[in-house]
Protein chains: 2
Amino acid sequence: MGQDRSDGRIAAPNPIADDGDEYRFCSTCAFGAVCVGRGVDKIALHDLHCLVEHVGPYRAGEAIFRTGDAFTAIYAVRSGTVKTRLVDLEGRELVLGFHLPGELIGLNAIHPEAYPCDAVALDTVEVCRFSFPALATLATRIPEIQQELFRRLSKDIGDNALLAGDYSADERLAAFLVTLGQRYADRGFPVNALHLAMSRGDMANYLRLAAETVSRVLRRFQDHGLIRVDGREVAIVKPAELYALARPILQR
Amino acid sequence: MGQDRSDGRIAAPNPIADDGDEYRFCSTCAFGAVCVGRGVDKIALHDLHCLVEHVGPYRAGEAIFRTGDAFTAIYAVRSGTVKTRLVDLEGRELVLGFHLPGELIGLNAIHPEAYPCDAVALDTVEVCRFSFPALATLATRIPEIQQELFRRLSKDIGDNALLAGDYSADERLAAFLVTLGQRYADRGFPVNALHLAMSRGDMANYLRLAAETVSRVLRRFQDHGLIRVDGREVAIVKPAELYALARPILQR
DNA sequence: CGCGCGGCTTGATCGACGTCAAGGCGGCGC
DNA sequence: GCGCCGCCTTGACGTCGATCAAGCCGCGCG
């Protein structure tokens with residue numbers, strides 16, 4: 001993974017949900033399973049094609065949407081990594097999540113009818129924009145799409161509950177690395193080599209730890225031979241043991 | 001609130017979403033806004049009537065559903081209070097939430113297609129059961145119902161994120177009391193007098209604190225004149241100051 | 001009545017992690 | 001090259017809340 005660039009550095013892997021021909025359209029993307037993998041007919045596929053709008057690229061730091069913006073659409077990440085966060089009155093940041101290609105953002109805006117958080121590109125990001133009114137209308141015609149929306153909304157509820165427990169720093173970090181690895185693997189990347197698109201500070205904030213604690217725990221994991229860390233590149237050396245650490249969080 | 005009972009004690013207030021006549025059916029209930037408040041016609045109302053199934057009463061401690069049960073239905077609490085929780089491999093409990101009349105439970109089961117948690121009655125509980133396949137089918141016919149489901153799913157995502165931050169014990173407890181008060185008030189109960197259906201231990205578990213800490217913070221709040229505590233009855237004396245404490249959590 | 005038990009409260013101690021501080025490393029602009 | 005600036009790391013110290021322990025209260029039961 002990674003490829004030479006003109007400046008001689010190795011490009012960080014930048015996962016992308018590639019469009020192929022029409023029948024492989026966004027096959028790795030949020031609705032791929034609905035459009036292609038689950039036997040939706042050509043008409044539904046065509047309808048989604050008409051609905052979707054490619055937006056981007058955004059550069060690192062740019063916002064896809066901001067807190068308070070009127071809710072009009074949900075987005076599927078196409079390439080790159082997106083951070084969702086809210087900023088409180090005192091300017092402190094609270095990271096809600098990181099979103100890889102194929103994942104949806106903006107689902108939490110349906111209820112308040114305004115985005116309740118910022119979505120910020122961590123690297124170069126492209127997204128697919130789905131007008132929500134149009135998507136909802138389509139969902140009334142195509143039950144598979146309605147079902148997929150229900151499923152993804154439901155999944156987000158459960159995922160959020162995971163980190164909410166009072167777990168130790170070791171458990172949190174282990175669970176974070178394991179789930180990130182799984183999500184990359186689901187997208188066809190090597191299971192046990194992952195690139196962190198976010199800074200230590202962002203990780204720490206998301207995990208409700210201090211950046212210093214993240215640093216220390218990663219080092220300890222490495223000293224114990226569980227992982228190998230090189231800046232933002234992490235190799236998982238002993239997946240089973242890391243998973244065992246994360247078990248209190250990941251087991252359901 | 002509260003009424004005499006034969007044993008001479010005062011009954012704890014037990015909120016109920018009362019059925020009235022057909023047009024006030026579950027007016028305080030989850031779908032009230034859809035069925036009645038938002039101009040859904042009689043046919044839709046009738047359809048929901050046909051769909052819903054009243055279940056209960058459950059006695060304190062009984063389960064409405066259990067972890068791993070096949071997902072077939074979502075439930076709206078009709079009366080009483082429900083606790084959702086998961087129990088990990090070592091038998092430790094993790095409280096996910098408390099659900100008052102009019103609130104839905106089971107939404108987080110759509111994705112895994114099995115309930116990922118237990119739902120346990122804290123007092124005498126009645127629920128409305130909605131077969132999910134039937135509800136989803138109805139939603140394709142009646143966009144208002146689909147929309148309401150989307151909204152409620154979306155709301156649960158946001159709500160879960162609230163407690164996830166690393167807040168102090170004071171902030172957590174203040175936010176808990178304020179939101180509980182709001183939810184009771186939304187159901188027509190006095191704004192600043194609330195009855196806690198759950199034990200200190202359950203509160204503590206939900207807030208990711210120790211029971212002792214909950215006890216201490218409540219006492220300190222009372223010593224500072226913010227609230228008055230009498231067992232599980234809590235009077236909010238200074239709502240504004242309590243809200244100010246909770247602001248870091250509640251402001252968006 | 002006495003007893004036991006579960007829930008609640010209060011106090012004393014401990015430890016994990018946050019905070020503060022200093023220094024290293026790499027990238028970028030001048 | 002040099003210097004600056006973010007990000008990261010490492011160490012020393014402080015603190016909030018968990019844990020341990022004891023006792024209280026209300027209630028059901030023999």
Side-chain angles (χ1 to χ4, degrees), chain A residues 5-12 59-61 83 90 92-95 122-123 163 165-174 176 195-223 227-234 245 248, chain B residues 5 7-12 59-61 83 90 92-95 122-123 163 165-176 195-223 227-234 245 248:
Chain A
R5 293 193 307 195
S6 54
D7 61 4
R9 292 182 55 241
I10 302 299
R59 308 297 294 178
K83 166 178 82 172
E90 289 83 25
R92 292 174 308 193
E93 186 176 6
L94 179 66
V95 174
L122 288 179
D123 44 26
L163 272 215
D166 59 338
Y167 302 106
S168 71
D170 286 20
E171 290 168 331
R172 284 171 193 276
L173 224 9
F176 179 72
H195 170 78
L196 306 174
M198 71 294 296
S199 70
R200 296 287 192 273
D202 281 340
M203 284 176 57
N205 190 316
Y206 173 65
L207 298 171
R208 282 53 167 151
L209 299 170
E212 293 92 329
T213 302
V214 169
S215 221
R216 280 186 258 262
V217 173
L218 286 179
R219 161 146 278 277
R220 189 151 32 78
F221 281 179
Q222 176 165 266
D223 290 347
I227 61 177
R228 279 216 340 113
V229 183
D230 177 18
R232 295 191 176 185
E233 307 298 326
V234 175
L245 273 179
Chain B
R5 292 194 308 196
D7 61 2
R9 292 182 55 242
I10 302 298
R59 308 297 295 178
K83 165 178 82 172
E90 288 83 25
R92 291 174 309 193
E93 186 176 7
L94 179 65
V95 174
L122 288 180
D123 43 27
L163 273 213
D166 60 338
Y167 301 106
S168 70
D170 286 20
E171 290 168 331
R172 283 172 193 275
L173 224 9
F176 180 71
H195 170 80
L196 305 175
M198 72 293 296
S199 70
R200 296 285 192 276
D202 281 339
M203 284 176 56
N205 190 315
Y206 173 65
L207 297 171
R208 282 55 166 148
L209 299 170
E212 295 92 328
T213 302
V214 169
S215 220
R216 279 185 257 264
V217 174
L218 286 179
R219 160 145 280 279
R220 189 151 32 78
F221 281 179
Q222 176 165 267
D223 290 347
I227 61 177
R228 279 214 342 114
V229 183
D230 176 20
R232 295 191 176 185
E233 306 299 325
V234 175
L245 272 178

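Every chain is numbered from 1, with letters handed out A, B, ... down the list of sequences.
- Looking at heavy atoms from C-beta onward, B/Glu93 lies in side-chain contact with B/Asp202 at the 4.5 angstrom threshold.
- By the 6.0 Å contact criterion, CZ on A/Arg220 is enclosed, its count of non-hydrogen atoms from other residues, nucleotides or ligands being greater than 12.
- Rounded to an integer number of Å, the gap from CE of A/Met203 to C1' of D/dC7 is 13 Å.
- If you measure from atom CD of B/Gln222 to atom P of C/dC8, you get 15 Å, rounded to the nearest angstrom.
- Here D/dC7 presents its C1' atom at 14 Å from CG of A/Leu196, a figure rounded to the nearest Å.
- Going from atom CG of B/Asp223 over to atom P of C/dT9 covers 12 Å, rounded to whole Å.
- Looking only at side-chain heavy atoms (C-beta outward), A/Leu218 and A/Arg200 come within less than 4.5 Å of each other.
- The backbone N or O of B/Asp230 lies less than 3.5 Å from no partner atom in the side chain of B/Glu233, so there is not a single donor-acceptor pair.
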Summary of protein contacts for nucleotides 10-20 of chain D, nucleotide by nucleotide, where a base hit scores B, a sugar-phosphate-only hit scores S (4.0 Å, heavy atoms): BBB----SSBB
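- Nucleotide D/dC7 holds its C1' atom 11 Å from the CG atom of A/Asp202, rounded to whole Å.
- Distance CG (B/Asp230) to P (D/dC25): 14 Å, rounded to an integer number of Å.
- Distance B/Leu173 CG to C/dC8 P: 13 Å, rounded to the nearest Å.
- Counting only distance, with no hydrogens or angles, the side chain of B/Asp166 and the backbone of A/Arg208 share no donor-acceptor pair below 3.5 Å.
- Remark: the backbone N or O of A/Ala197 is paired with a side-chain donor or acceptor of A/Arg232 at under 3.5 angstrom.
- The side chain of A/Arg200 sits closest to D/dT9 out of D/dT9, C/dG7, C/dT9.
- Across all strands shown, B/Gly231 has no heavy atoms under 4.0 Å from either base or sugar-phosphate atoms.
- Rounded to whole angstrom, the span from the CG atom of A/Leu207 across to the C1' atom of C/dG18 amounts to 15 Å.
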